[in-house]
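Given the structure is predicted, the values throughout are model-derived calculations rather than measurements.
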Amino acid sequence: MLDALTRINWLAVLAATVAATVLGGVWFTALFGKTYATVLGRAYDPKAKPAPLFIVGPMVCSLAAIITSALLMKALNLSSAGDALVFGGVVGLGYFVATMANTAINPNMPRPLMYSLVSGPYFFLMSISTSLILVAMP
């Protein structure tokens with residue numbers, strides 16, 4: 001598995017991380033910003049500039065997930081767009097969406113099911129799109 005680390009295209013990892021960050025920015029602001037604020041119970045909060053943690057934190061988490069996906073894809077010798085679609089879908093649904101939904105189901109989340117319906121598709125699409133980038137830039 002560690003041998004796969006030497007075979008990763010780090011430019012592809014960077015490109016996938018940028019893509020995930022841009023997709024997240026568009027998804028949680030332009031596309032679903034109001035809905036996202038509502039499901040978090042913050043619909044009536046004044047618009048404030050987010051702290052750097054809320055921008056850099058998800059980017060670092062995406063980077064870690066993308067490096068892990070790149071490692072697994074290299075170790076499994078996945079190289080086609082079809083492989084990337086299947087891998088991205090399985091990881092997206094089985095790990096990202098499931099973990100996100102599990103995290104949402106807690107007493108501090110005002111609307112866990114709605115949160116999952118807004119956030120889940122982002123994580124699923126992010127996994128597929130980043131997997132496609134990783135195979136497109138071997």
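- The line from CE of Met59 to OG1 of Thr21 is 4.5 Å long, rounded to the nearest 0.5 Å.
- Every residue two or more places apart in sequence or in another chain that forms a side chain to side chain contact (heavy atoms under 4.5 Å, CB included) with Val13 is listed here: Ile8, Trp10, Thr17, Leu63, Ile66, Ile67, Ala70, Leu134.
- Counting only heavy atoms from C-beta outward, the side chains of Leu40 and Arg111 never approach each other to under 4.5 Å.
- Note on Leu76: it does not cluster hydrophobically with Val90, by side-chain heavy-atom contacts below 4.5 Å among ILVMFWY residues.
- Val56 is not connected to Val18 by any chain of hydrophobic side-chain contacts under 4.5 Å among Ile, Leu, Val, Met, Phe, Trp and Tyr, and they are in different clusters.
- To the nearest 0.5 Å, the span separating CG on Asn106 from OH on Tyr115 amounts to 10.0 Å.
- Hydrophobic clustering keeps Met114 apart from Ile105 (ILVMFWY residues linked when any side-chain heavy atoms are closer than 4.5 Å, directly or through intermediates).
- Rounded to the nearest 0.5 Å, atoms CG (Asp3) and OG1 (Thr6) are 4.5 Å apart.
- Counting all heavy atoms, side chain and backbone alike, Gly89 lies closest to Ile128 at N-CG1, 3.6 Å.
- Closest heavy-atom contact between Ala98 and Gly94: CB-O, 3.5 Å.
- A donor-acceptor contact shorter than 3.5 Å is absent between the side chain of Trp27 and the backbone of Phe123.
- No side-chain heavy atom of Val39 sits under 4.5 Å from any side-chain heavy atom of Phe32.
- Met100 and Val26 fall within the same hydrophobic cluster, defined by Ile, Leu, Val, Met, Phe, Trp and Tyr side-chain heavy atoms under 4.5 Å apart, directly or through other members.
- For Leu31, the CG atom is densely surrounded, since the number of other residues' heavy atoms within 6.0 Å is greater than 12.
- The CG atom of Asn9 sits 12.0 Å away from the CE atom of Met73 when rounded to the nearest 0.5 Å.
- Counting only residues at least two apart or on different chains, the side chain to side chain donor-acceptor pair (under 3.5 Å) pairs with a member in residues 70-89 are Ser80-Asp83.
- Ring geometry for Phe28 versus Tyr122: interplanar angle over 60°, hence perpendicular rather than tilted (30 to 60°).
- Considering every non-hydrogen atom in both Thr130 and Ser127, the closest pair reads OG1-O, 3.3 Å.
- For Leu72, the side chain to side chain contact (heavy atoms under 4.5 Å, CB included) partners at least two apart in sequence or on another chain are Met1, Thr68, Phe87.
- Counting heavy atoms from C-beta outward, Phe96 and Phe124 have side chains that stay 4.5 Å or more apart.
- Tyr36 places a side-chain heavy atom less than 4.5 Å from the side chain of Ser119.
- Ser116 and Ala104 make their closest contact through OG-CB, 3.9 Å (heavy atoms, listed as atom of the first residue, atom of the second, distance).
- Residues Leu85 and Leu78 share a single hydrophobic cluster, defined by chaining ILVMFWY side chains whose heavy atoms lie under 4.5 Å apart.
- When all heavy atoms are compared, the tightest approach of Ala19 to Ile133 is CB-CD1, 3.5 Å.
- Within 6.0 Å of the OH atom in Tyr95, the count of heavy atoms belonging to other residues, nucleotides or ligands does not exceed 12.
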